[in-house]
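Side chains are part of it too, since the values below use all heavy atoms of this structure and drop only hydrogens, waters and symmetry mates.
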Amino acid sequence: MNAVEPTPAWDTDRLLTIPNALSFLRLLAVPVFGWLILAGHDLAAVILLAVSGATDWLDGFLARTLHQTSLLGARLDPVADRLYILTAVVVMTIRGIVPWWLLAVLAARDLLLLCLLPSLRRSGRMALPVNLVGKAGTMLLLLAFPLMLIGSSAALGLVVAGWVGWMLALSGAVAYWAAGVLYLRGTMKLARERGERDAP
């Protein structure tokens, strides 16, 4: 699967649209989400994450229905998802609910993507389109962390939920890294094409 896809046409370049407003609200809720977990309000954190997920679906639906799809909106959604994932794993690591190695695995993948930015910018890109593998990994992780949280003995202690959460988290981490490899390949392809264009 190639990570490089045709650039879609956007309906608008306006910043203030209903879908973008919902995306900004999702971003503003990230620190609240982290604080709820850190303070031990686990059920409230799970509810907030569920509301955020519903909002994510709603802003995409409204963007298509109202013809308000935009480049900003397409970039805000994956950023919000990554922030929720990293916030969850960092705070849950601090509380001892998940091990440090899981934090390292997920953070290393996002560090890889960060390292690709200079090459992407030289190719005239700010980011590559989100691929299906990345979407699957993100979905699995966003499902996994609430289950791991309520399954932890430090939270609600629902053991079965914790085991299911761990299976989803490990599957999500694999997909997360598989998507990272696809982004790396896409970036390398753009770099080769740039080199061929610049060659005398």
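A distance of 14.0 Å separates OH of Tyr84 from OG1 of Thr138, quoted to the nearest 0.5 Å. Note that CD1 of Ile85 and CG of Leu141 are 4.5 Å apart. Values are rounded to the nearest 0.5 Å.
At a threshold of 4.5 Å between side-chain heavy atoms, the hydrophobic network of Ile, Leu, Val, Met, Phe, Trp and Tyr places Phe33 and Trp35 in one connected group. The cluster map of Ile, Leu, Val, Met, Phe, Trp and Tyr, joined by side-chain heavy atoms under 4.5 Å apart, puts Val174 and Trp166 in different clusters. Tracing side-chain contacts under 4.5 Å through hydrophobic residues (I, L, V, M, F, W, Y), one never reaches Tyr176 starting from Val181; they form parts of separate clusters.
Ion pairing of Arg64 with Asp59 is absent here, as no side-chain N (NZ or NE/NH1/NH2) approaches a carboxylate O to less than 4.0 Å.
Formation of a donor-acceptor pair under 3.5 Å by the Arg125 side chain with backbone atoms of Leu120 is not found in this model. The backbone N or O of Val105 sits less than 3.5 Å from a side-chain atom of Trp177, completing a donor-acceptor pair.
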Ser52/Arg26 under side-chain hydrogen bond (donor to acceptor under 3.5 Å, both in side chains): CA gap, chis, key distance, verdict: CA-CA 6 Å; Ser52 172; Arg26 289 182 70 219; 3.2 Å; yes

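Closest heavy-atom contact between Ala179 and Val133: N-CG1, 3.8 Å. Contact record, Met148 with Gly165: CG-C, 3.6 Å, taken as the closest heavy-atom pair.
Partners of Arg82 according to the salt bridge (Lys or Arg N to Asp or Glu O under 4.0 Å) rule, which considers only residues two or more places apart in sequence or in another chain, are Asp110.
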